[in-house]
Amino acid sequence: MATLSATNLAKAYKSRQVVRDVSLSVSTGQIVGLLGPNGSGKSTLFNIICGILKPNYGEVIINGVNVNEVPIYKRALDYGISLVPQHGGTFSGLSCIENLKAISEVVIENKNDRNYKIEEMISKFQLEPHANTKCLMLSGGTKKKVAIAMALMSNPKIVLMDEPFAFLDILTVRDLQKTITNLQTEDTKRCIIISDHSVRELLSVCDRAIILANKKIVAQGRPSEVIKNENAKIYFGDAFKIN
Ligand code: ADP
Ligand code: MG
């Protein structure tokens, strides 16, 4: 059974329809790439799934339960959803450690486990040199790493990453790709959806890709199949190849 599914989602901002009749499902252990031109509704879908936005139509279902009426914090705590937002995601006046500490106080009950998890994240994302620097002062890439570390503090079962590779240099992207695939080996009960415009980097970590355009899903399948799909040319263009 799929852990996360969304059925027939529709969302309009005032009279402007952004997505219409979008259905997707992610099984445990899967990494799904969500691709689409700017403005195609990727962030809107993430925000609907984690409860920041309400859809005008459709359902978000986790482990068979409709969570449309479940508030954000409960989706996070009871259903294990975590979002790395496209923008922000850190408290800019707090240091890297203080950000992680603040989240740990909300998502980790056992006080002794909090410091252990903070240290693990600092080490996983090589944040040692920045541990006591206010996020305000960090580079875009380091801030992104802190935001990702924060999203992983709760050991989430459903991880939504909205453009996690943006602002990261190529070596950091490689590290993050490894971290993402390790997340799946550490815990096979996880499901992950990632959006990004770094198409090659994204397709190389995902099991399945979904292409969103013109308010709907125009193609989906294995990365190698999707790039050959005629309907996906709206996003990839004519000459796109992997390798
Ligand atoms: P993507 O993440 O694929 O770039 P978004 O989901 O951010 O797309 O946005 C989809 C469309 O909805 C865009 O045209 C955007 O301008 C519009 N939009 C997003 N958020 C809002 C909002 N809060 N109010 C009005 N329009 C919005
Ligand atoms: Mg977006």
Side-chain angles (χ1 to χ4, degrees), residues 4-26 31-60 67-68 71-73 75-76 81-90 92 140-141 143-148 150-152 156 158-168 172-173 176-177 180 191-203 205-206 208-221 223 226-227 229 231-237 240:
L4 167 70
S5 57
T7 53
N8 312 109
L9 291 181
K11 179 71 190 171
Y13 294 107
K14 298 201 172 144
S15 62
R16 184 145 166 265
Q17 195 75 33
V18 173
V19 285
R20 174 179 289 148
D21 203 19
V22 168
S23 298
L24 55 88
S25 68
V26 191
I31 303 180
V32 169
L34 183 62
L35 297 127
N38 285 326
S40 58
K42 302 178 295 299
S43 297
T44 299
L45 286 178
F46 281 138
N47 289 337
I48 291 173
I49 291 169
C50 73
I52 293 171
L53 284 175
K54 269 191 182 266
N56 298 114
Y57 191 83
E59 295 180 347
V60 178
V67 296
N68 277 31
I72 307 173
Y73 78 96
R75 287 193 206 191
I81 292 197
S82 195
L83 171 73
V84 179
Q86 181 173 359
H87 304 291
T90 59
S92 50
K143 235 184 276 181
K144 200 80 189 177
K145 288 206 253 178
V146 179
I148 295 167
M150 285 168 75
L152 297 179
I158 299 171
V159 186
L160 310 172
M161 295 189 172
D162 197 353
E163 302 206 16
F165 302 137
F167 305 113
L168 299 183
T172 312
V173 168
L176 182 55
Q177 284 175 304
I180 291 169
C191 58
I192 302 181
I193 312 184
I194 311 173
S195 82
D196 214 89
H197 290 298
S198 302
V199 178
R200 285 183 176 77
E201 285 72 19
L202 180 52
L203 291 182
V205 293
C206 66
R208 210 149 54 77
I210 294 176
I211 315 296
L212 200 62
N214 298 331
K215 309 183 179 68
K216 56 184 196 294
I217 292 174
V218 293
Q220 61 179 312
V226 162
I227 57 166
N229 187 316
N231 294 334
K233 286 192 175 162
I234 195 166
Y235 179 65
F236 293 119
F240 186 82

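Both ligands and their constituent atoms are indexed starting at 1 by order of listing. Numbering starts at 1 and runs along the sequence shown.
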Taking only heavy atoms of Asn38 into account, list the atoms of ligand 1 that are under 4.0 Å away from them.
4 (O)

What heavy-atom pair brings Val19 and Gly41 nearest, and what distance separates the two atoms?
CG1-CA, 4.2 Å

Around atom 3 (O) of ligand 1, find the nearest protein heavy atom and jot down its residue, atom name and distance.
Lys42 NZ, 2.7 Å

Quick one, Leu160 with Ile194, criterion side chain to side chain contact (heavy atoms under 4.5 Å, CB included). Give me CA distance, side-chain angles, the key distance, then yes/no.
CA-CA 6 Å; Leu160 310 172; Ile194 311 173; over 6 Å; no

Is the closest side-chain heavy-atom distance between Val32 and Cys191 below 4.5 Å?
no

Can you see which heavy atom on Ala232 is nearest to which on Ala219, and at what distance?
CB-CB, 4.0 Å

Which protein non-hydrogen atom lies closest to atom 17 (C) of ligand 1, naming both residue and atom, and how far is it?
Arg16 NH1, 3.7 Å

Does Phe165 offer a backbone N or O that forms a donor-acceptor pair with the side chain of Asp196 under 3.5 Å?
yes

Near Pro37 (heavy-atom distance under 4.0 Å), the atoms of ligand 1 are 3 (O)

Selection from Gly36, Gly39, Ala12 by shortest heavy-atom distance to atom 10 (C) of ligand 1:
Gly39

Under 4.0 Å from one or more heavy atoms of Val18, ligand 1 contributes atoms 10 (C), 11 (C), 12 (O)

What are the two closest heavy atoms between Glu163 and Lys42, and how far apart are they?
OE2-CE, 4.4 Å

Using 0.5 Å steps for rounding, measure from the CG atom of Asp21 to the NZ atom of Lys215.
13.0 Å

Who's the nearest protein heavy-atom neighbour of atom 9 (O) of ligand 1, and how far?
Thr44 OG1, 3.9 Å

Quick test: of every protein heavy atom, which one is nearest to atom 8 (O) of ligand 1, and how far off is it to 0.1 Å?
Gly41 N, 3.2 Å

Heavy-atom closest pair, residues Asn231 and Asn229:
N-OD1, 2.8 Å

How wide is the angle at the Mg ion (ligand 2) between OG of Ser43 and OE1 of Gln86, to the nearest 10°?
80°

Do me a favour and list the nearest non-hydrogen protein atom to atom 7 (O) of ligand 1 with residue, atom name and distance?
Ser43 CB, 3.6 Å

What is the closest protein heavy atom to atom 27 (C) of ligand 1, and at what distance does it sit?
Tyr13 CD1, 3.3 Å

